[in-house]
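Hydrogens, waters and symmetry mates are skipped; everything else that's a heavy atom, side chains included, is used. So you know, we letter chains A, B, ... as the sequences are listed, proteins then strands, and number each from 1.
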Number of protein chains: 4
Amino acid sequence: MPLSPAPHRRWSRRKQARPSEILAAALDVFAERGFAAARLDDVAARAGISKGTLYLYFPDKAALFKALVREAILPNLDQAEAALASHTGSAEALLRALVRRFLAVLLDQRLIAVPKLVIGESGNFPELAEFYLNEVIRRGKSLFAQVIERGIAAGEFRAVPAAVAAPLVIAPVLFTAIWKSTFEPHDPGNRFDAEAFLDLHLDLLLHGLSRSPDGSPEPQA
Amino acid sequence: MPLSPAPHRRWSRRKQARPSEILAAALDVFAERGFAAARLDDVAARAGISKGTLYLYFPDKAALFKALVREAILPNLDQAEAALASHTGSAEALLRALVRRFLAVLLDQRLIAVPKLVIGESGNFPELAEFYLNEVIRRGKSLFAQVIERGIAAGEFRAVPAAVAAPLVIAPVLFTAIWKSTFEPHDPGNRFDAEAFLDLHLDLLLHGLSRSPDGSPEPQA
Amino acid sequence: MPLSPAPHRRWSRRKQARPSEILAAALDVFAERGFAAARLDDVAARAGISKGTLYLYFPDKAALFKALVREAILPNLDQAEAALASHTGSAEALLRALVRRFLAVLLDQRLIAVPKLVIGESGNFPELAEFYLNEVIRRGKSLFAQVIERGIAAGEFRAVPAAVAAPLVIAPVLFTAIWKSTFEPHDPGNRFDAEAFLDLHLDLLLHGLSRSPDGSPEPQA
Amino acid sequence: MPLSPAPHRRWSRRKQARPSEILAAALDVFAERGFAAARLDDVAARAGISKGTLYLYFPDKAALFKALVREAILPNLDQAEAALASHTGSAEALLRALVRRFLAVLLDQRLIAVPKLVIGESGNFPELAEFYLNEVIRRGKSLFAQVIERGIAAGEFRAVPAAVAAPLVIAPVLFTAIWKSTFEPHDPGNRFDAEAFLDLHLDLLLHGLSRSPDGSPEPQA
DNA sequence: GATGAATGAGTATTCATTCAT
DNA sequence: GATGAATGAATACTCATTCAT
């Protein structure tokens, strides 16, 4: 749990907790307003500190943004990589588990706001896009590529190019998270059924990846 | 071609051309900076007019944004719906054609900026998210759902729930367009191979959708 | 009738009528918004012409203001001076008549807006204050002073200094007009009873002015 | 003394003093330019602060205006009401004292600018006119009406309708203050003799109000 | 003459950042 | 460390004025 959404335990030294509290507040505000429209006043107020104190911890708004990306996302990648390393079951089971965990993290921790911010601000903050690309996306893509390769090696999957297939696993997950955070609040009647959507996604995908008993041809790269 | 990227005309009948010229400029600036960080000065400068002239055509920044969505996106939907109505071949061929056309429009006309803007600004402009949801997304989703239903009716596809499957067709296309506009500029070595990616997407998808001769089981909803 | 509040007679040559129509529109707009907040767009729209046409008749906003003062007020002064010259009855009757006429003009023609504008803009347009002082106020004050002097000369009034007393006649009239245009619209329950107010004003004033042999007031006619 | 025209204090406890300093500056600028033409830059400069600091104390221009009305006028009304409550002498003495005090406040503190602003901006800021009507004018009118009623009750004055007569007391005072602030600066030769004017006003008025020994008839309402 | 599209200087307001306390 | 008052650069928006048609 990289961010501390709770007011924090009584006995914790404040100075230790502050950065995380601030980042949690920043995530909220950035998620609601976007980067440019987010006001540091609001971040400070939500973190329960003064605006000046913000600058004791983060030199400027962009640094706050970067720290948020770093602290919010990377631990989840560490966790997923550990899961990959320790997994012993089938590639399909691992793929299903990672996809569900991926979506859960994006939604439960409101972390979907982070890629949305990166996407929205890549024009204004190229270094952030680069950082995100190198530290987050590459690792995530590699993670799923490894799962696919493991499945191919084990004879579970057909020999698709893993680097091309990996984003194909991810895209509907991101789609779901973006949808739920962007459109569902404005679409009161229709809940987006993420379960059914991801079930169908995984079923079609795994069906397509599976070595079919009838010897259906390998899809071309 | 809803936007006129062409520079200027003679010194008359300008009033007709202005709105499109302004919207083309606005698309550029919004795409580069996002909504909140875009300066109307820049839009005006890029359209070759003064700031005041902007306000002769659009009452405020939000209206400019809305008009952009309207004029840039809707004609493409009209076109796609016409293609659906007049298509006589297989559902698969139609699906492949629409997906390619969809991506081409997003990239060639830089229109991917529009959904990115909507996503980034939905917190600040809820009415815009609603408008986009109702006018664009619903129609697009319905379009692909109809193609799938047509395939099911024709016996080409298995009986998947079309409303759930439609976003599954779309997600990788949006992913590609977002990737190419957001990350590829910062990732000079690695070109994202959209061709290969969409080929694999369509192959796996159509494979999964196809009525297998051996009577493989229908995927559960 | 210096201003033309009506759309104008069909047969009138427009070029003749235009300036008056514009000034009538300007009076409306200035009365509603004050000088600085009045928009020439509104004046033009209300006059039924384009903004450019305004500049064919008046070089700038200040000139419009000055012309308004000139055309709206001076004819009424001419009229009042003519009434003074031709009057043959008692000074009291003349005073009463002029006071009532003064108020009626201010209210009926919405001319109260003009002194209000002069008062409000004297800091920004010193020349206008000077013009109004010299062309309007001096003449008005002189007018009432002459009536008082005539009354003194005729033995109707006591020998008060006429130049000091004249503004004393005027002040409650202006007060009434300002009240009715400024506060009565926001005070729906309470109509300001201008009749009773001016009656009391004139009664007390004339009572105070009246020549009594024993130093006590003579009963008024 | 509600406004602090004094320049500055030590470098602390400034937050206390700021609002009054700002309002004093605002009174100056509004008095010179009117509301719409006043620039907040000028207010800030005159208050010795930056433009941004203004917004720390007043949310917008209209709020500055309202606060000015509130802080500048109401204490004087409190004072006058206290004087009325504690006065033990004749109604005439009280009336004379209040009238002189009224004028002195308007001129010494430049407060005449406030009713001039209200009059000039009532079209643009109806709520301000309402506020001024309810908080200032009603109380002021009631104040003078009470003095008159006290005089009637004590047998000093004739039985005139006090609510009608009260504005009659006030009108020449306002006239004087408006004159001195609006026209006297542009009329270098002729000083307006406020002393003589108010003397004559009070003499005629009190003469008219006084119970004449010869039993002259009460003026009709 | 008349129009109204175009202009750009002008102003209210916001907000990231600083710094004296 | 923490505060929050102060700053001023930045920007959306307005409107008097001009001028090609």
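Shortest non-hydrogen contact noted between C/A72 and C/L111 is O-CD1, 3.2 Å. The minimum heavy-atom distance linking B/I22 with B/A47 is given by the pair CA-CB, 4.1 Å.
In this structure, A/Y55 atom OH and F/dG4 atom C1' are separated by 13 Å, rounded to whole Å. Computed from coordinates, the B/R33 CZ to F/dA12 P distance equals 10 Å when rounded to whole Å. The nearest whole Å value for the distance from the CG atom in A/L56 to the P atom in E/dC19 is 14 Å. Between the CG atom of A/L54 and the P atom of F/dG4 there is a distance of 13 Å, rounded to whole Å. Put simply, CZ on A/F30 is 13 Å from P on E/dC15, counting in whole angstrom units. The CG atom of D/L64 sits 10 Å away from the P atom of E/dT13 (whole-angstrom rounding). When the C1' atom of E/dT18 is taken as reference, atom OH of A/Y57 falls 18 Å away, rounded to whole Å. Per the geometry, CD1 belonging to B/I49 stands 13 Å off P belonging to E/dA5, to the nearest Å.
Side-chain N/O atoms of C/K51 and base N/O atoms of E/dT3 include no donor-acceptor pair closer than 3.5 Å.
Take the nearest nucleotide of DNA chain E for B/G52 and for D/K61: the residue whose nucleotide is more 5' is B/G52. The 5' end of DNA chain E is approached more closely, in terms of each residue's nearest nucleotide, by D/A37 than by the other of D/A37 and A/A37.
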* Between C/K66 and C/E127, is a salt bridge (charged side-chain N to carboxylate O under 4.0 Å, His left out) present by the stated rule, with each step listed? -> CA-CA 10 Å; C/K66 285 180 199 170; C/E127 1 88 63; 2.8 Å; yes
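Within 4.0 Å (heavy atoms only), B/A62 reaches no atom of the nucleic acid at all. If you check every strand for non-hydrogen atoms under 4.0 Å, A/A36 touches nothing.
Comparing atom distances between the D/L40 side chain and each of F/dA6, E/dT13, F/dT7 picks out E/dT13 as nearest.
Contact annotation: A/R18 side-chain N/O to F/dA2 OP1/OP2 distance is under 4.0 Å. Contact check, C/T53 against E/dT3: a side-chain N or O comes under 4.0 Å of OP1 or OP2. At the phosphate of F/dG8, neither OP1 nor OP2 sits under 4.0 Å from any side-chain N or O atom of D/S50.
Look at E/dA20: its Watson-Crick or wobble partner, with both distances under 3.5 angstrom, is F/dT3. A 3.5 Å limit on both hydrogen-bonding distances identifies F/dG8 as the Watson-Crick or G-U partner of E/dC15.
Under the 30°/60° scheme for interplanar angles, the aromatic rings of C/F35 and C/F125 are found to stand perpendicular.
With a 4.5 Å cut-off on side-chain heavy atoms, C/D42 and C/R33 count as touching.
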